[in-house]
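We count ligands from 1, going down the list as the structure has it; atoms in each ligand are counted the same way. No experiment lies behind these values; they were computed from the predicted model shown. FYI, the numbering just counts along the sequence from 1.
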Amino acid sequence: MYDVIIIGGGVVGSAAAYYLSQHDLKLLMLEAFNDVADGTTKANSAVIHAGYDPKPGSLMAKYNVEGSKLTRELAKKLDVPYVNDGSLVLAFSPEDLETLKELYDRGIANGVEQLKLLNYEETKDIEPGISENVYGSLYAGTSAVISPWEYCLALAETAVRNGMDLKLSNEVTGIRKNEDGSFTVTTVKGEYQGRYVINAAGIYADKVHEMIGQKEFTITPVRGQYFLLDKSQFPKARHTLFQCPSERGKGVAVTPTVHGNLIVGPDATRVNGEDLDTTADILSYVRETASLSIKDIDYQENIRNFSGLRARSDRGDFIIEESHSVPDFFNLAGMASPALSSAAAIGIAAREWVLSKHPYPKKEDYVDSRRKIRFKQLSDEEKNRIIKEDPAYGRIICRCETVTEGEIRATFKTPIPPRSIDAVKRRTNAGMGRCQGGFCGERVAMILKEELGLDYDEILQDREGTVVLEKKAKEDYGNV
Ligand SMILES: Cc1cc2nc3c(=O)[nH]c(=O)nc-3n(C[C@H](O)[C@H](O)[C@H](O)COP(=O)(O)OP(=O)(O)OC[C@H]3O[C@@H](n4cnc5c(N)ncnc54)[C@H](O)[C@@H]3O)c2cc1C
């Protein structure tokens, strides 16, 4: 019998897991995919928003502002790439300047610090690449960018390190309430009993709730598409550049990433189910709209397009509450943007709810830190020392991102080892560079095969079923 079962291993479920694992309770996370951070958490703008956008009084406003402060602390503590680059909302007309003033007032009402309205010259001073269409901007000094998947991994890994059971590839298919008030949660792999259930199932949160409760909300996936540009384009924007919301729409952002790339996007298109396609028409809209902010982005330097799905609820706000129809069942739903920024504060809310049900004491021996070797960031002296200790750190596997064999092998000793080539990418950056794994993909596959004791036809690119090698290339598999 578990005390708490969390359904969903995105950043929201993982934040709840992180805070709950600080207490003396039996915790289980059930995740449909073969890795955490493989849903919306891996495909978004990666911005830790300052909090001037949500309406004052909304849950989004409250959790965004609290969450962004907590994220900064957690990133430091858990060794997650995070850069406080600041953001600018750009105005393109006198009417936009009025909207910026409203956003500024909202921000002040929400308790956001370091907000400033800038005119064109002041904006140009700190962001020299902006186009001449710009009238002025709203500067937010607390806005930051993060590695969203590594943030999620860090939270989930820390929970596992502190005793949480994580069952990957365990899609929940049914939930029932037992006579003693506990739940039986059925997955494609088995059955688990729990006293309390937390639903953090992203775009499927409404379906998961309806496995046991009455319909209380609806989630609509709203897709956003992006360009991911090579590092050559990184210097074109120093801040995260948003566009002023207007009758043109919410605009698209141009933002530097923590890995030294530039991303451009997203649009907002309602889709059915898990439609992650990227399409030429929307991408050209994204590109054209972004040119209002910065003109000279070279799209020949695009290295990948991707899309993510916002979990938009019919309430237009986060849903952070106990189910109205099922006691002891807590929904963390409607987790559209800014839920990445808010996740830590939402995790604390989930913990408070559990503790209101039962006062589980804090653990005395909680391990609340995480350190990683990032070879390319070491000094020459440190590099030499580490190679002497383990020669695998002297062998570069990913040449674009300078990722060593030592770093890749180390991931298999972490609390949540990778099970696919993309899972290695999320943990080490191998395959994230200009060639997108063209050169290192095969070498990563061979390390994965060796570390996990796989057969050639069991090597996965990403989720279950994405086998890389289906048939023998030659007589002998050894020739691949
Ligand atoms: C285009 C776009 C841009 C965004 N930009 C930002 C931004 O810049 N800043 C910001 O703060 N937010 C942003 N967001 C929002 C942010 O990415 C999400 O709010 C956040 O990642 C949601 O996390 P989650 O854990 O709720 O969902 P997910 O990451 O989707 O995790 C849910 C998990 O539940 C699992 N699951 C679902 N059903 C089941 C089941 N039946 N059984 C077991 N597991 C199940 C899924 O497999 C998944 O792993 C953006 C979102 C999008 C789409």
Side-chain angles (χ1 to χ4, degrees), residues 5-17 28-51 53-54 60 63-64 67-68 71 87 143-146 148-149 151-152 155-156 167-175 185-189 192 197-211 219 221-226 240 242 250 252-253 255 257 263 265-269 271 274 276 286 306-313 318-320 331-347 463-464:
I5 298 180
I6 298 172
I7 302 173
V11 71
V12 171
S14 299
L28 170 69
M29 176 183 277
L30 297 171
E31 168 52 53
F33 298 141
N34 59 2
D35 198 6
V36 297
D38 207 8
T40 299
T41 293
K42 75 171 178 192
N44 51 63
S45 303
V47 178
I48 300 303
H49 293 286
D53 194 35
M60 284 184 173
Y63 289 102
N64 184 165
S68 80
T71 312
S87 70
S143 177
V145 288
I146 197 164
W149 50 86
Y151 178 35
C152 176
L155 295 166
K167 307 277 182 199
L168 296 169
S169 304
N170 261 270
E171 182 187 346
V172 172
T173 52
I175 308 170
V185 181
T186 308
T187 75
V188 289
K189 296 256 174 85
Y192 305 93
V197 173
I198 294 177
N199 169 17
I203 57 166
Y204 296 111
D206 52 350
K207 310 280 178 309
V208 166
H209 180 248
E210 283 159 36
M211 286 177 188
I219 304 294
V222 179
R223 189 182 61 197
Q225 300 187 28
Y226 292 90
T240 294
F242 296 110
K250 283 200 102 178
V252 301
T255 180
T257 73
I263 53 175
D267 69 305
T269 308
V271 291
E274 220 171 318
L276 283 164
V286 166
F306 68 93
S307 68
L309 298 171
R310 303 169 183 87
R312 190 170 289 171
S313 86
F318 294 152
I319 297 166
I320 302 175
N331 288 310
L332 300 177
M335 292 295 155
S337 188
L340 174 67
S341 318
S342 315
I346 295 169
R463 296 177 183 172
E464 298 292 348

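Of all heavy-atom pairs between Ser45 and Tyr226, the closest is OG-OH, 2.6 Å. Heavy atoms only, all atoms of each residue included: Val252 and Pro266 are closest at CG1-O, 3.3 Å. Summarising the geometry of Ala17 relative to Met29, their closest heavy-atom pair is CB-CE, 3.9 Å, with the distance given to 0.1 Å.
Close approach of ligand 1 to Thr41 (heavy-atom distance below 4.0 Å) involves ligand atoms 21 (O), 23 (O), 25 (O), 28 (P), 29 (O). Of all atoms in ligand 1, numbered sequentially from 1 with element shown, those under 4.0 Å from a heavy atom of Met335 are 18 (C), 19 (O), 22 (C), 26 (O). Below 4.0 Å from some heavy atom of Ala32 lie the following atoms of ligand 1, by number and element: 43 (C), 44 (N), 45 (C), 47 (O). When each atom of ligand 1 is checked for a heavy atom of Val208 under 4.0 Å away, the hits are 41 (N). Taking a cut-off of under 4.0 Å to the non-hydrogen atoms of Phe33, the atoms of ligand 1 that pass are 47 (O), 49 (O). Which parts of ligand 1 touch Ser341 is read off a 4.0 Å heavy-atom cut-off, strictly below it: atoms 9 (N), 10 (C), 11 (O). Near Ile7, meaning under 4.0 Å from any of its heavy atoms, are these atoms of ligand 1: 42 (N), 43 (C). Residue contact check: Ala339 has heavy atoms under 4.0 Å from atoms 11 (O), 12 (N), 19 (O) of ligand 1.
Ligand 1 has no N or O atom lying under 3.5 Å from any N or O atom of Gly202, backbone or side chain. Residue Thr40 has at least one N or O atom closer than 3.5 Å to an N or O atom of ligand 1. The shortest N/O to N/O separation between Gly224 and ligand 1 does not fall below 3.5 Å. Of the polar atoms of Asp38, none of the N or O atoms is found under 3.5 Å from an N or O of ligand 1, judged by distance alone. For ligand 1, the polar-atom distance check against Val222 finds no nitrogen or oxygen pair separated by under 3.5 Å. On a distance-only criterion, Ser342 and ligand 1 share no N/O pair closer than 3.5 Å.
A donor-acceptor contact shorter than 3.5 Å is absent between the side chain of Ser313 and the backbone of Ile219. Using a distance-only test at 3.5 Å, with no hydrogens or angles considered, no donor-acceptor pair links the side chain of Asp38 to the main chain of Asn34. No donor-acceptor pair closer than 3.5 Å links the side chain of Ser143 to the backbone N or O of Ala50.
Neither the backbone nor the side chain of Lys42 has a heavy atom within less than 4.0 Å of ligand 1. Contacts between Leu309 and ligand 1 below 4.0 angstrom, taking non-hydrogen atoms only, involve the backbone exclusively. At a 4.0 Å heavy-atom cut-off, ligand 1 touches Ala200 through the backbone alone. The backbone of Ala46, and not its side chain, has at least one atom closer than 4.0 Å to an atom of ligand 1 (non-hydrogen atoms only; backbone = N, CA, C, O). At a 4.0 Å heavy-atom cut-off, ligand 1 touches Leu30 through the backbone alone. Residue contacts with ligand 1, taken as heavy atom pairs separated by less than 4.0 Å, involve Ala336 solely via the backbone atoms N, CA, C and O.
Of the protein's non-hydrogen atoms, the one nearest atom 6 (C) of ligand 1 is Ser337 OG, 3.5 Å. Annotation: atom 41 (N) of ligand 1 to nearest protein heavy atom, Val172 O, 3.1 Å. Of the protein's heavy atoms, Tyr226 OH, 3.3 Å lies nearest to atom 1 (C) of ligand 1. If you check which protein heavy atom lies closest to atom 37 (C) of ligand 1, you get Ala201 O, 3.3 Å. Nearest to atom 50 (C) of ligand 1 among the protein's heavy atoms is Asn44 CB, 3.4 Å.
Atom CE of Met60 is separated from atom CZ of Phe318 by 4.5 Å, given to the nearest 0.5 angstrom.
Less than 6.0 angstrom separates the ring centroid of Phe242 from the ring centroid of His49.
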Check against side-chain contact (heavy atoms from CB on, under 4.5 Å), Val12 and Leu340: CA-CA 8 Å; Val12 171; Leu340 174 67; over 6 Å; no

Under the criterion side-chain contact (heavy atoms from CB on, under 4.5 Å), I'd like the reasoning laid out for Met211 against Val172: C-alpha separation, chi angles, the key distance, then a yes or no. CA-CA 9 Å; Met211 286 177 188; Val172 172; 3.8 Å; yes

Does the side chain to side chain donor-acceptor pair (under 3.5 Å) test come out yes or no for Tyr192 and Thr186, once each step is laid out? CA-CA 6 Å; Tyr192 305 93; Thr186 308; over 6 Å; no

Before giving the answer on side-chain contact (heavy atoms from CB on, under 4.5 Å), spell out for Met335 and Ile346 the whole-Å C-alpha distance, their side-chain angles and the decisive distance to 0.1 Å. CA-CA 10 Å; Met335 292 295 155; Ile346 295 169; 3.6 Å; yes

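Remark: distances from the non-hydrogen atoms of Val11 to ligand 1 include one below 4.0 Å.
Counting only non-hydrogen atoms, the option in Glu31, Glu171, Arg310 that gets closest to atom 52 (C) of ligand 1 is Arg310. Of the options Gly8, Ser45, Gly10, the smallest heavy-atom separation from atom 31 (O) of ligand 1 is shown by Gly10. By heavy-atom distance, the residue among Asn170, Leu340, Val47 lying nearest atom 9 (N) of ligand 1 is Val47.
For Ser341 and Tyr63, the side-chain atoms include no donor-acceptor pair closer than 3.5 Å. Residues Ser87 and Thr240 have side chains that never bring a donor and an acceptor to within less than 3.5 angstrom of each other.
The number of heavy-atom neighbours closer than 6.0 Å to CZ of Arg312, taken from other residues, nucleotides and ligands shown, is 12 or below.
Between Lys189 and Glu464, no side-chain nitrogen of the basic residue sits less than 4.0 Å from a carboxylate oxygen of the acidic one, so the salt-bridge criterion is not met. Under a 4.0 Å N-O distance rule, the pair Lys250/Asp53 qualifies as a salt bridge.
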